[in-house]
Amino acid sequence: ESAMDLLRQKEEICRRLNDPNGLALCLANKAHLFAYDLNQPHEALPLIEEAVALARQHGLIALSQQIQPILDEIRSMQ
């Protein structure tokens, strides 16, 4: 299975389990894969935006601070 397939499976599991930390990390990893490995920042942007929003909504401050620079960089790729 490809990395993207595994991330899709993980995303589904995190959504079903209502795991915002795992989901935010998964979305950030998918965004990174789209932006840097597949050179598709337009696909990455909504994923990383959702990841940052989830982290902030659930008080995951360290995680949101870790993900924010990735969001900023992907936005600059547009």
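- Ala24 approaches Leu63 most closely through the heavy-atom pair CB-CD2, 3.7 Å.
- Linking Ile, Leu, Val, Met, Phe, Trp and Tyr residues whenever their side-chain heavy atoms come within less than 4.5 Å leaves Ile70 and Leu54 in two separate clusters.
- Of all heavy-atom pairs spanning Ala28 and Ala51, the tightest one is N-CB, 4.0 Å.
- Judged purely by distance below 3.5 Å, without hydrogens or angles, the side chains of Asp72 and Gln68 pair a donor atom with an acceptor atom.
- The closest side-chain heavy-atom distance from Leu71 to Leu45 is below 4.5 Å.
- Between Glu73 atom CD and Ile48 atom CD1 the span is 10.5 Å, to the nearest 0.5 Å.
- Gln40 CD to Ile74 CD1: the interatomic distance, rounded to the nearest 0.5 Å, is 12.0 Å.
- A pairwise comparison of heavy atoms in Lys10 and Gly22 identifies CE-O, 4.2 Å as the closest pair.
- Within the model, atoms OG of Ser64 and NE2 of His58 stand 12.0 Å from one another, a figure rounded to the nearest 0.5 Å.
- From Asn29, atom CG reaches atom CG of Leu6 across 11.5 Å, with rounding to the nearest 0.5 Å.
- Considering all non-hydrogen atoms of both residues, Met77 and Pro41 come closest at CB-CB, 3.9 Å.
- For residues 34-60, the pairs satisfying salt bridge (Lys or Arg N to Asp or Glu O under 4.0 Å) are Arg15-Glu50, Glu49-Arg75, with sequence neighbours left out.
- Taking 4.5 Å as the limit, some side-chain heavy atom of Leu33 sits within range of a side-chain heavy atom of Met4.
- There is no path of hydrophobic side-chain contacts, each under 4.5 Å, that joins Leu25 to Phe34.
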